[in-house]
There are 2 protein chains.
Amino acid sequence: MKHDSFNESVEMYLKTVSELAAGDGLAPISALAQHLGISAVSATEMVHRLGEQGLVDHVPYKGVTLTLTGAQHAYRVIRRHRLWECFLSEHLGLGWQHVHDYACQLEHATADEVADAVAAFLGQPAVCPHGNPIPDRNGRLAEPDDEPLSEWRPGDRGSLSRVFPESFLLLDYLAMHNIRPGRTVIVTELAPFNGPMMVQIGGLPHALGHEIAAHIYGIRQNDQPI
Amino acid sequence: MKHDSFNESVEMYLKTVSELAAGDGLAPISALAQHLGISAVSATEMVHRLGEQGLVDHVPYKGVTLTLTGAQHAYRVIRRHRLWECFLSEHLGLGWQHVHDYACQLEHATADEVADAVAAFLGQPAVCPHGNPIPDRNGRLAEPDDEPLSEWRPGDRGSLSRVFPESFLLLDYLAMHNIRPGRTVIVTELAPFNGPMMVQIGGLPHALGHEIAAHIYGIRQNDQPI
DNA sequence: TAGCTAGTTTAGGTAAGCCTTAAAACAGCG
DNA sequence: CGCTGTTTTAAGGCTTACCTAAACTAGCTA
Ligand SMILES: [Mn+2]
Ligand SMILES: [Mn+2]
Ligand SMILES: [Mn+2]
Ligand SMILES: [Mn+2]
């Protein structure tokens, strides 16, 4: 193994590819660029460098995937990120919507020994405050089997599991409306003409736009009693 | 106020100037360069840049001091550093000699709100695990009135207050010999020909070289009972 | 099937922070 | 006053991570 730690920039690329490729498996460079707030040209360039280092595979004009090595490093960063989120939220009392950004800084400045010690301090938590699973120290990540609310249908009921991907604007909105993992949810109506999804969360009615519904995941339990 | 946060490089320069200028008030560029592990030419270059930004004053051929603005930023970094040290050492159980280096990474990735929350979590500690004072949120630092052991004379007694400046090799050595703030100390002998200083620390005899004795501070209490 | 367009890639360029080597300027000392 | 070692300037380069402008696909649409 040549490198063992990378700089912030590389880590953010790997993390972002991992997030964007979570669904279809191929992260378009434009999405990468947009997500990282840089130009597509710069992203292409960086992807080449990462490719030379064996961290990503690039299919020209199609997109980027992580290699095994790349994925391992990405998961290490994600682990540190989510562990810090737990600490900041549970022990420092910082706001649910803020800890994501604070952790995004700390994740690049955390030695593995520190991450392990934080994990022990927290009691080896399984998920971050936003419900996303925390990889173990070997970079193994339990893929949750929930579904975005956008795929639920009227009548479906269950409980919210996570918000993904996380972004301040979305988290802030959800915090304001008291929407978070653990809350019960019932889909009451799907407005026509691609309109919003009407739901009840924790007993209160909400209208969720497409964007939002696609980023909130839940576990359907239609057979459960109300 | 133009900037509010700086990058790691700038922060390390400011912090290092603050440390080196702690005594005489003027940090020679050569010392800066050596401490940061870069060439003197590069350090000069960077000092110019920092000067243009109003963070340091440079007296050619003499050395560098912090401006008021520069000092404030330096103390903010030092505050974050020492707060993290407390947390890592007291709550995560990481070794006294290791936390300095871990904190040196975290100090550049910590928002002020996080630092304040850490301080509150820790109960507003006054000193780091190595005995050095923690600046308050306004960057005010209580200068301790202790003296390096190198200035003590045979017969002097008191208690260790701090290790300064901190470096892994020194801290590791001290940890190995159970020498740390709070321990009682008695100077028993000063070996001739500039030899080592013989002391008793926590009841055990030690021979301290010049380097080391100059970096360990204590408060003399010759009038105290043994 | 040719043409368009959105997305992608290449070409060429910038700034920060580093580097080395060499020459010039200075401080402190004898 | 002149020597000597330290400090600074000068010159030329390197790497990383960005940029804009221009050329180029891929894949659809007419
Ligand atoms: Mn980050
Ligand atoms: Mn999270
Ligand atoms: Mn540092
Ligand atoms: Mn310390």
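In what follows, every chain begins at residue 1, and chains take the letters A, B, ... in the order their sequences are listed.
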With a 4.5 Å limit on heavy-atom distance, are the side chains of A/Pro196 and A/His210 in contact? no
Looking at [X], does any N or O in its side chain come under 4.0 Å of the phosphate oxygens OP1/OP2 on [N]?
| X | N | result |
| --- | --- | --- |
| A/His58 | C/dT8 | no |
| B/Tyr13 | C/dC18 | yes |
| A/Thr44 | C/dT8 | no |

Rounded interatomic separation in angstrom, taking [atom1] from [X] and [atom2] from [N]:
| X | N | atom1 | atom2 | value |
| --- | --- | --- | --- | --- |
| B/Ile38 | C/dA16 | CD1 | P | 16 Å |
| B/Leu50 | C/dG17 | CG | C1' | 11 Å |
| B/Arg49 | C/dG17 | CZ | P | 5 Å |
| B/Met12 | C/dG17 | CE | P | 14 Å |
| A/Glu45 | C/dT10 | CD | C1' | 10 Å |
| B/Asn7 | C/dG17 | CG | C1' | 9 Å |
| B/Lys62 | C/dA25 | NZ | P | 19 Å |

For B/Ser9, answer base if it contacts any base atom (sugar-phosphate contacts may also be present), sugar-phosphate if it contacts only those atoms, and nothing otherwise; contact means non-hydrogen atoms under 4.0 Å.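 The answer is sugar-phosphate, as B/Ser9 gets under 4.0 Å only of primed atoms, P, OP1 or OP2.
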Determine, using ring centers only, whether [Y] and [X] are less than 6.0 Å apart.
| X | Y | value |
| --- | --- | --- |
| B/Phe168 | B/His98 | yes |
| A/Phe6 | A/His108 | no |
| A/His130 | A/Phe164 | no |

Out of C/dG17, C/dA27, C/dT9, whichever nucleotide has its closest atom nearest the side chain of B/Met46: C/dG17
Of A/Val41 and B/Gly63, whose nearest nucleotide on DNA chain D comes first from the 5' end? B/Gly63
Quick one: closest heavy-atom pair of B/Pro148 and B/Ala214, and the distance?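 Smallest heavy-atom distance, with atoms named: CB-O, 3.6 Å.
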Does a donor on one side chain and an acceptor on the other come within less than 3.5 Å for A/Glu85 and A/His100?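 Side chains of A/Glu85 and A/His100: pair found under 3.5 Å.
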Apply the test side-chain hydrogen bond (donor to acceptor under 3.5 Å, both in side chains) to residues B/Trp96 and B/Ser89: give CA-CA distance (whole Å), side-chain angles for both, the deciding distance (0.1 Å), then the verdict. CA-CA 6 Å; B/Trp96 194 74; B/Ser89 157; over 6 Å; no
Does CD in A/Glu147 sit with more than 12 non-hydrogen atoms of other residues, nucleotides or ligands closer than 6.0 Å?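 Counting neighbours around CD of A/Glu147, more than 12 heavy atoms of other residues, nucleotides or ligands fall under 6.0 Å, so yes.
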Residue among A/Asp116, A/Asp112, A/Thr110, A/Asn138 satisfying side chain to side chain donor-acceptor pair (under 3.5 Å) with A/Arg79: A/Asp116
Start and end of chain B contact along DNA chain D [non-hydrogen atoms, under 4.0 Å]: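 Result: D/dT7 to D/dA10.
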Residues in contact with DNA chain C, drawn from residues 25-33 of chain B - heavy-atom cutoff 4.0 Å: none
